[in-house]
Amino acid sequence: MIEYISKYSAFTTNALKEKYTYRFKALMWSLSTLFNMLVQYYLWRSVYEEVNGNFLGVTQEEYLVYISFGVVFYNVISCMENMNIAEDIKSGNIAMNLCKPINYKTMVFFRHLGSKAGEFIGLIPLILVAFLLTNNTSFDLFRLALFSISTLFAFLLMFSFYYMVGIFTFWTTNYWGIQFFTNSIMGLFSGQLVAIEFFHQLGSGEVVLSGLSILQNPFFTTFFTLLEKLAYCLTFQSMYYTPMSILSGIIKTPRDIGAHIVLQIIWLVVLNILTAIMWKRAQRKIMILGG
C-alpha cells in the first residue's frame with residue numbers, strides 16, 4: 001500500500017508546486033474568492049433584514065453560514081480535471097500516459113489532490129473570515145462529524161463526475177461546450193445559487209414578500225416543485241447542498257441527514273460504474289490531434 005501511494009505521490013507534489021509557481025496569481029485568486037464571499041454575505045444579510053430574519057423557512061443564521069462557508073467549501077471540492085484530461089487528449093499526452101505503467105484515473109486523482117491541497121492553503125484566511133462573519137453560530141460535534149463524512153463523499157462525487165465529463169472529450173474533441181453546460185446546470189441544481197429548500201418552499205406556495213404574491217400562482221408553484229424534483233434526480237445537490245445544509249442546519253433531523261448521505265453513496269457508486277464503462281469504450285476511440 002505504501003509503495004502504491006509513493007508511486008503516485010509525485011503527481012500530488014508536482015500539482016502542489018504548480019499552484020504556487022505564480023504566487024501573485026494565487027494571491028489574486030484568494031482575494032477574488034474573498035470578494036465573492038463578502039458580496040454574497042452582505043447581499044443575503046440585507047434580504048433577511050427586510051423579512052425580519054426568516055426567509056422561506058430558513059433562518060438568517062442558517063443561511064449566512066450556508067453562504068459564507070459555502071464559498072470556501074465549493075473551492076475545496078471543485079474539480080477542473082476534466083479540462084486537464086481534455087488537454088491531454090488534444091495535445092497527445094494521453095497516449096504517453098496510457099503507455100506508462102500507471103493507472104490513468106489514479107494518476108489524475110492524485111494530481112487533483114495536489115491541486116486541492118495548494119488551493120486549501122490559500123483558503124485558510126477565508127475560513128477565518130467566515131468564522132468572523134458568523135461569530136454567533138455554534139457548531140456541535142455531531143453535526144461537524146456528519147458534515148465531514150458528507151464532505152468526503154462530495155469531494156469524491158465531484159471528482160468522479162468531472163472525470164466522467166473529461167472522458168466525453170474522446171467523442172467531442174472540443175470540450176468548451178460541455179464545460180459551459182455542466183457549469184450552468186450545476187449552479188442551479190447544486191444549491192450554489194440558492195438553497196434547494198427554497199424550491200420546496202416556493203413549490204408549496206410559501207409567501208416570499210407581499211409584492212411577489214404572483215409566485216403563488218399554480219404555474220410558478222408547479223415550476224418550483226419541478227425544479228426541486230429535478231435537483232434530487234441529478235447528482236449535483238449531493239456535491240454541494242447536502243454537506244452545506246448539514247453544516248448550516250437547514251437539514252435538521254437525523255433521518256433527513258441519513259437519507260441525504262445515503263443518496264451521496266448511491267450516486268458515487270452509479271458515477272463510478274458509468275465512468276468504468278465509458279473509459280473502456282473511450283480507449284477504443286483515441287484520436288490524437290497533436291503531440
Side-chain angles (χ1 to χ4, degrees), residues 40-41 44-45 48 51-78 116 120 127 130-131 133-161 186-206 208 221 224-273:
Q40 293 197 54
Y41 174 84
W44 280 102
R45 195 176 79 168
Y48 271 95
V51 294
N52 299 319
N54 194 299
F55 184 72
L56 293 175
V58 180
T59 67
Q60 177 175 328
E61 179 182 314
E62 291 170 348
Y63 206 67
L64 291 183
V65 169
Y66 184 89
I67 287 297
S68 301
F69 286 95
V71 173
V72 177
F73 175 81
Y74 178 74
N75 282 279
V76 169
I77 68 160
S78 63
K116 291 290 100 180
F120 183 76
I127 296 174
F131 272 110
L133 293 174
T134 58
N135 58 356
N136 293 323
T137 303
S138 59
F139 301 105
D140 61 80
L141 291 178
F142 180 68
R143 195 198 304 178
L144 286 175
L146 292 174
F147 168 71
S148 300
I149 294 170
S150 183
T151 297
L152 175 61
F153 289 138
F155 182 85
L156 296 174
L157 271 171
M158 186 73 80
F159 171 78
S160 298
F161 176 77
M186 183 174 183
L188 178 61
F189 293 111
S190 68
Q192 281 181 264
L193 294 178
V194 293
I196 296 172
E197 176 65 19
F198 291 168
F199 295 158
H200 173 73
Q201 296 294 334
L202 289 169
S204 62
E206 183 74 19
V208 185
T221 56
F224 286 114
T225 299
L226 179 62
L227 283 182
E228 182 193 10
K229 291 181 178 179
L230 277 174
Y232 280 99
C233 289
L234 299 172
T235 183
F236 305 111
Q237 62 83 25
S238 292
M239 299 176 186
Y240 183 90
Y241 176 73
T242 293
M244 286 313 306
S245 293
I246 292 173
L247 179 67
S248 62
I250 294 176
I251 301 176
K252 295 178 175 63
T253 66
R255 179 179 179 181
D256 288 341
I257 293 173
H260 279 78
I261 290 178
V262 168
L263 186 59
Q264 284 184 300
I265 297 172
I266 292 172
W267 272 116
L268 193 57
V269 172
V270 170
L271 286 180
N272 278 280
I273 291 174

Discussion item. According to ring-ring contact (aromatic ring centres under 6.0 Å, His included), who are the partners of F199, at least two apart in sequence or on a separate chain?
Written reply: none
Worksheet item: About how many Å separate CD1 of I196 and OG of S245, when rounded to the nearest 0.5 Å?
Response: 7.5 Å
Worksheet entry | Shortest non-hydrogen contact between V194 and W44, atoms and distance | CG1-CZ2, 4.0 Å
Worksheet item: With a 4.5 Å heavy-atom cut-off, do F69 and V76 have their side chains touching?
Response: no
Worksheet item: Which residue pairs pass the salt bridge (Lys or Arg N to Asp or Glu O under 4.0 Å) test with at least one member in residues 64-75, sequence neighbours excluded?
Response: none
Practice prompt. List in chain and number order the residues that pass ring-ring contact (aromatic ring centres under 6.0 Å, His included) with Y66, two or more places apart in sequence or in another chain; answer none if no residue qualifies.
Written response: Y63, Y240
Practice prompt. Let me see the working for T151 and L247 under side chain to side chain contact (heavy atoms under 4.5 Å, CB included), right down to the final yes or no.
Written response: CA-CA 10 Å; T151 297; L247 179 67; over 6 Å; no
Practice prompt. Given side chain to side chain contact (heavy atoms under 4.5 Å, CB included), test Y241 with I250 step by step and report yes or no.
Written response: CA-CA 10 Å; Y241 176 73; I250 294 176; 3.7 Å; yes
Fill in: Shortest non-hydrogen separation from S68 to T134 and the atoms involved
OG-CG2, 4.0 Å
Worksheet item: Is the backbone N or O of F131 less than 3.5 Å from a side-chain atom of N135, with the two atoms forming a donor-acceptor pair by type?
Response: no
Worksheet item: How far does CG of L226 sit from OG1 of T221, to the nearest 0.5 angstrom?
Response: 11.5 Å
Item to complete: Any chance you could measure E228, atom CD, to Q201, atom CD, to the nearest 0.5 Å?
Response: 9.0 Å
Worksheet item: Can you tell me how far the CD1 atom of I265 sits from the CG atom of L157, to the nearest 0.5 Å?
Response: 10.0 Å
Worksheet item: When you look at F161 and W267, which way does the side chain to side chain contact (heavy atoms under 4.5 Å, CB included) test go after all the steps?
Response: CA-CA 10 Å; F161 176 77; W267 272 116; over 6 Å; no
Worksheet entry | Candidate pair M158 and M186, rule side chain to side chain contact (heavy atoms under 4.5 Å, CB included), full reasoning | CA-CA 11 Å; M158 186 73 80; M186 183 174 183; 2.9 Å; yes
Worksheet item: Do you know the tightest heavy-atom contact between F147 and I246?
Response: N-CG2, 3.9 Å
Worksheet item: Residues two or more places apart in sequence or in another chain: which of them pass side chain to side chain contact (heavy atoms under 4.5 Å, CB included) with Q60?
Response: R45, Y48, L64
Worksheet item: Does L152 have any side chain to side chain contact (heavy atoms under 4.5 Å, CB included) partners at least two apart in sequence or in another chain, and if so, which?
Response: L156
Item to complete: Compute whether any side-chain donor of one residue and acceptor of the other, for Q237 and T242, lie under 3.5 angstrom apart.
Response: yes
Worksheet entry | Set of side chain to side chain contact (heavy atoms under 4.5 Å, CB included) partners for S78, sequence neighbours left out | Y74, K116, E119
Worksheet item: Which heavy-atom pair separates N272 from S160 by the least distance, and what is that distance?
Response: ND2-OG, 3.6 Å
Fill in: Contacts of S150 that satisfy side-chain hydrogen bond (donor to acceptor under 3.5 Å, both in side chains) - sequence neighbours left out
Q264
Discussion item. Are S238 and F153 packed together at the side-chain level, in the sense that at least one heavy-atom pair is separated by less than 4.5 angstrom?
Written reply: no
Discussion item. Can a donor-acceptor pair be found, under 3.5 Å and without considering hydrogens, that links the side chain of Y41 to the backbone of L133?
Written reply: yes
Practice prompt. Report the residues that fulfil side chain to side chain contact (heavy atoms under 4.5 Å, CB included) with V262, sequence neighbours left out, ordered by chain and then residue number.
Written response: I266
Discussion item. Do R143 and L146 have side chains that approach each other closer than 4.5 Å (heavy atoms only, starting at C-beta)?
Written reply: no
Worksheet entry | Stepwise ring pair (Phe, Tyr, Trp, His ring centres under 6.0 Å) check, F198 with F224 | CA-CA 9 Å; F198 291 168; F224 286 114; over 10 Å; no
Item to complete: With sequence neighbours excluded, give me every side-chain hydrogen bond (donor to acceptor under 3.5 Å, both in side chains) pair touching residues 250-262.
Response: E62-K252, Y232-H260, T253-D256
Worksheet entry | Qualifying residues under side-chain hydrogen bond (donor to acceptor under 3.5 Å, both in side chains), relative to S190, sequence neighbours excluded | Q192
